[in-house]
Structure formats: structure tokens, C-alpha cells
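Sequence lines set the chain letters: A, B, ... in the order given, protein chains first and strands last, and positions in each chain run from 1.
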Protein chains: 2
Amino acid sequence: MTESARQTRVSDAYARLREDIRSNRLPPGFQAPEPEIAMRLGMSRTPVREALIRLEADGLVELVPRRGARVLPIRADDMREIYDILTSLEPDAAAAVAARNPTPEQLAPVEVAMADMEHALAAEDLDRWADADDRFHLSLLDLHGNRRLRGFIHALYDQAHRARIVTLRMRGTPVRSTEEHRQILAHLRAGDAEATRRVFRAHRRRASAELLNILEKYKLGQL
Amino acid sequence: MTESARQTRVSDAYARLREDIRSNRLPPGFQAPEPEIAMRLGMSRTPVREALIRLEADGLVELVPRRGARVLPIRADDMREIYDILTSLEPDAAAAVAARNPTPEQLAPVEVAMADMEHALAAEDLDRWADADDRFHLSLLDLHGNRRLRGFIHALYDQAHRARIVTLRMRGTPVRSTEEHRQILAHLRAGDAEATRRVFRAHRRRASAELLNILEKYKLGQL
DNA sequence: AAATAATTTAATGTATACATTAAGGGGATT
DNA sequence: AATCCCCTTAATGTATACATTAAATTATTT
């Protein structure tokens with residue numbers, strides 16, 4: 001659904017349902033038949049069905065015959081899957097960016113996200129920090145330019161969003177993550193592909209182990 | 001669309017269109033409005049629309065407003081994107097499998113694919129070889145067990161299928177690829193994660209460079 | 001011949017009708 | 001209390017009607 005595409009009921013339904021899922025207004029496990037969802041959104045079943053098919057493709061819901069759409073929970077296993085994939089993909093993508101010796105202009109969105117991250121940390125504003133964290137990672141993907149990679153990782157971020165938001169305050173202030181991002185950015189500026197890859201990968205491993213430990217410690221079997 | 005799901009017009013439309021695209025019966029760039037596609041498949045527009053949404057999510061078509069569905073070509077750039085992703089994901093997945101010290105039973109599907117590859121090579125049957133090659137890679141993913149990874153890579157294989165089939169006979173007999181698969185399997189049997197990763201990654205790099213060179217040499221800008 | 005305007009055609013997006021069938025509920029039986 | 005049977009309800013899958021609008025075609029003007 002491109003920004004330039006004209007607004008349709010399908011795109012409206014898609015955006016609203018996606019945002020309700022991401023914000024836990026439609027919590028994991030929530031299930032409703034199509035007529036009910038259509039009524040909630042004030043439209044007929046047809047655009048709702050189409051939106052649900054797209055959300056299913058994004059891994060946010062499953063369509064259960066005769067029971068409607070169910071918001072998929074994110075279990076510890078799911079987060080492990082997602083982090084395994086990100087740990088393979090993101091460091092290689094970042095290393096490829098570093099290998100190109102990106103200009104300061106090209107790195108600007110990453111720099112802005114880094115600066116926002118630092119400010120949010122200083123202000124102890126975890127929500128702003130999380131947003132800046134997302135932008136750091138995703139702007140690197142934009143810079144990298146592989147569209148399939150970008151699409152897939154966006155979908156994984158959507159799926160992981162709730163688990164990350166819910167556990168954010170359980171993880172302590174993200175001093176270490178911020179420092180690791182700083183190191184990654186320093187290596188990017190230096191055009192050092194191997195160092196970028198190494199530090200990024202270590203960051204992903206540490207951060208994902210931390211979150212998975214929390215999910216297991218607090219018995220958050222699913223979110 | 002699970003195997004166990006009952007057959008619907010949607011699933012029928014999806015399977016038929018997907019197979020027509022993969023086999024070039026609907027070639028890249030082919031474009032038709034929904035009513036025409038519905039007529040071809042002998043059903044109404046509704047199930048066709050749903051099937052097309054799923055095919056769009058799979059990256060095989062794009063839905064063009066007022067112009068119907070267009071079969072996406074695979075350009076050299078696309079193949080490069082796909083191979084970059086596979087070169088990051090597959091070696092790590094295979095290394096993770098090796099690290100578990102898989103039993104001979106667990107490795108059986110990979111062994112069968114390997115044996116089929118050898119036989120196909122001896123018989124100079126490139127189509128059978130390509131099929132066995134697919135099964136080698138995909139059965140490793142099944143063994144690995146990461147569902148998101150598996151789903152994504154299946155979609156990439158679907159997208160890459162035509163380019164690989166069309167260029168198969170231009171690449172010469174895949175003696176080298178077969179040897180590399182043998183080495184990968186030997187390291188898997190030995191439970192050597194690092195060697196599995198290294199050889200797999202080298203294999204991916206060489207094989208993708210070869211195919212991309214052919215796409216550029218023969219000016220096959222798109223397929 | 002080319003450009004522009006007007007008209008016609010047809011695709012899409014959406015709503016809804018309808019047949020099928022699965023789920024849910026209630027009553028009877030064990 | 002548990003299970004089974006029957007009936008009712010309602011969800012889904014699909015077809016099609018319909019309004020809107022974009023593309024295509026035709027007519028007119030330059």
C-alpha cells in the first residue's frame with residue numbers, strides 16, 4: 001500500500017487494524033468473525049477481508065475458518081526466530097553499507113536517529129528511545145537499498161513490536177544498547193565493513209539474549 | 001494455504017496462477033484485468049482478487065490500478081537482491097543445523113536430495129538436477145525449523161525460479177555446485193558449524209556471481 | 001497530421017444476496 | 001454429569017449488482 005495510492009476502504013481497514021494490533025487495542029489471541037470486524041470499522045466485509053489477507057501475509061493475524069481473524073501472539077519462540085533472522089541479515093546489510101564508504105549526507109538519517117536516541121536516554125524517555133532505535137535500524141536498511149530485505153524486516157519489526165514495547169521497561173535503561181549503536185555508527189563512518197558486521201552481530205546477540213531472558217524470567221510465555 | 005485446508009476457488013486460483021507464472025505460461029510483464037483472469041480460470045472475480053493479493057504478497061505479481069495484475073519480471077538487480085539475502089540467511093541456518101549434530105535420520109532428506117543430484121548429474125538431466133538442488137536447500141530449512149525464515153526463503157525461491165530455469169543450460173553442467181553441496185553435507189554430518197557456514201557462503205557467492213554474470217553477458221536484463 | 005475535447009467503454013472498489021456448511025445451543029437420553 | 005442428537009444460527013465463500021472513475025475511442029478543431 002504505497003503512500004501515493006489513493007485512500008481506499010481496504011487501505012483504511014489495513015492501517016487501522018495494524019495499528020490496533022501494534023498498540024494492543026486488539027491484544028494477542030483476540031478473535032472476531034468478519035461481520036463483527038466490518039461493523040467495528042464501519043464498512044462491508046469485502047474490504048475487511050482484503051485487509052485481513054494482507055495482515056495475514058504480514059504475520060500479524062491468522063484467518064481461522066468459521067472463527068474469523070485471530071491476532072497472533074508473540075511467544076518467546078517467535079522472538080527467538082525473529083532475532084535469529086535479524087542477527088543474520090542486519091549485520092551483513094550494515095557491513096555492505098560500510099563497504100560503500102557512505103557520505104555524511106547518506107548517513108544523516110542514521111545520525112539523526114542516533115542523536116535522538118542519546119537525547120531520549122538523557123531524558124529517560126523510553127518510548128522516544130524505542131522509536132529512535134527503530135529508526136536507527138530501519139534507516140540503515142533504507143540506505144542499504146535491498147527492497148525485499150527491507151520489506152521482510154519491516155514485517156518482522158511489526159511482529160516483534162509488542163513484545164519489545166511490553167518488555168522495554170523491564171530491561172533497564174538502554175545504556176548499553178545506545179553505546180553499541182554508537183560503535184556501529186563509528187565503524188560505518190569509518191567505512192570499516194568487518195568491524196561494523198562484528199559489532200552489529202554482537203549487539204544483536206546480546207540484546208536478543210537479554211529480551212529472551214526477560215520473557216522467560218517473567219514467564220511471559222506469549223504477548 | 002495449508003495442505004489440510006479444504007479446496008476453495010481461492011486456493012485453486014492461487015495454485016494455478018502461481019504455477020503458470022513459474023512455468024512461464026504467464027510470462028514476465030504479462031498483464032490482464034481481473035475480469036479476464038476470472039474468465040480464464042472459470043470463476044468470479046472475488047476468489048481471483050483474493051488469490052492475486054496473496055501472489056502480490058509473495059512477490060510474483062503486482063496489482064496495477066485499472067490495469068489488473070502484472071507478472072513481475074526478475075531483473076539482474078532482483079536476482080542480486082535475492083542472492084544477497086540467501087547468502088546471509090542460508091549459511092547461518094545450515095551452521096545452526098550442524099551445531100546441533102543432526103542424526104543421520106534427520107539429515108536423510110538432505111542425503112536423498114544429494115543422491116538425486118548426483119544421479120541427475122550422471123544422467124545429464126538438468127531439470128532433475130535443479131529439482132534436487134531445490135530440495136537440498138529447502139530440506140535444510142525444514143530441518144532448521146525457523147518458520148519465518150522458511151516462508152520468506154520459499155517466496156524468494158519462487159521469485160528466482162524462472163531466472164534459474166532459463167539460465168540453467170547456459171551455466172554448463174553443475175559439477176562444481178554438486179561438489180560444493182557434497183562438501184556442505186560432509187561438514188553437516190561432522191557437526192562442524194563453522195566449516196558448514198564457510199563452505200555454504202562461498203558456494204552461494206560463487207554460484208550467484210556465475211548466474212549474475214550470465215544475465216549480464218547475454219543481456220538478459222529481465223526474465 | 002496533430003492536438004484537444006467529448007463520449008463511450010470497461011475496470012475497480014464496495015456492498016450485498018445467497019447457498020453451503022460449520023459452530024453453538026438446547027433438549028433428551030444414559 | 002456426560003454424551004448424543006437435533007435444530008437454529010451465523011460465518012464463510014462466492015457471485016453479482018452497482019456507482020465511480022479512469023482508460024480508450026471517436027469526433028472536432030487547428
Problem - Salt bridge A/Arg204-A/Asp84, side-chain N to carboxylate O under 4.0 Å - result: no

Exercise for the section: Return the 5'-most residue of the pair A/Glu50, B/Pro33 with respect to DNA chain C, ranking by each residue's nearest nucleotide. Expected result: B/Pro33

What nitrogen or oxygen pairs link the protein and nucleotides 18-21 of chain C at under 3.5 Å?
residue	atom	partner	partner atom	Å
C/dT21	O2	A/Arg66	NH1	3.3
C/dT21	O2	A/Arg66	NH2	2.6

Completion exercise
A/Gln31 atom CD is separated from D/dA10 atom C1', nearest whole Å, by 15 Å

Practice task
May I ask you to evaluate whether A/Arg9 reaches the phosphate of C/dA15, defined as a side-chain N or O under 4.0 Å from OP1 or OP2?
Solution key: yes

Problem - Which nucleotide in C/dA15, D/dT14, C/dT12 has an atom nearest any side-chain atom of B/Arg49 - result: C/dT12

Handout entry: Under-4.0 Å salt bridge between A/Arg135 and A/Asp131
Key = yes

Problem - Lys/Arg N to Asp/Glu carboxylate O, B/Arg22 vs B/Glu19, below 4.0 Å - result: yes

Practice task
Select base, sugar-phosphate, or nothing to describe what A/Glu34 touches, counting heavy atoms under 4.0 Å on all strands.
Solution key: sugar-phosphate

Completion exercise
To the nearest angstrom, the CG-P distance between A/Leu41 and C/dT14 comes to 12 Å

Practice task
Please determine if B/Asp158 and B/Arg18 form a salt bridge, counting it only when a charged side-chain N lies under 4.0 Å from a carboxylate O.
Solution key: yes

Practice task
Could you check how far CG of B/Leu52 sits from P of C/dA11, rounded to whole Å?
Solution key: 14 Å

Exercise for the section: Quickly work out the B/Ile37 CD1 to C/dT12 C1' distance and round it to whole Å. Expected result: 13 Å

Handout entry: Whole angstrom value for the distance that separates C1' of C/dT14 from CD1 of A/Ile53
Key = 15 Å

Handout entry: Sidechain N-carboxylate O distance under 4.0 Å for B/Glu81, A/Arg147
Key = yes

Fill in the blank from the handout: A/Gln7 atom CD is separated from D/dT21 atom P, nearest whole Å, by 15 Å

Practice task
Kindly say if A/Thr46 contacts the phosphate of C/dT14, meaning a side-chain N or O under 4.0 Å from OP1 or OP2.
Solution key: no

Practice task
Using a cut-off of strictly less than 4.0 Å, decide whether B/Arg67 has a side-chain nitrogen or oxygen near OP1 or OP2 of D/dA24.
Solution key: yes

Handout entry: Ring centers of B/His181, B/Phe200 separated by less than 6.0 Å
Key = no

Handout entry: Lys/Arg-Asp/Glu bridge criterion (N-O < 4.0 Å) met for B/Arg80, B/Asp77
Key = yes

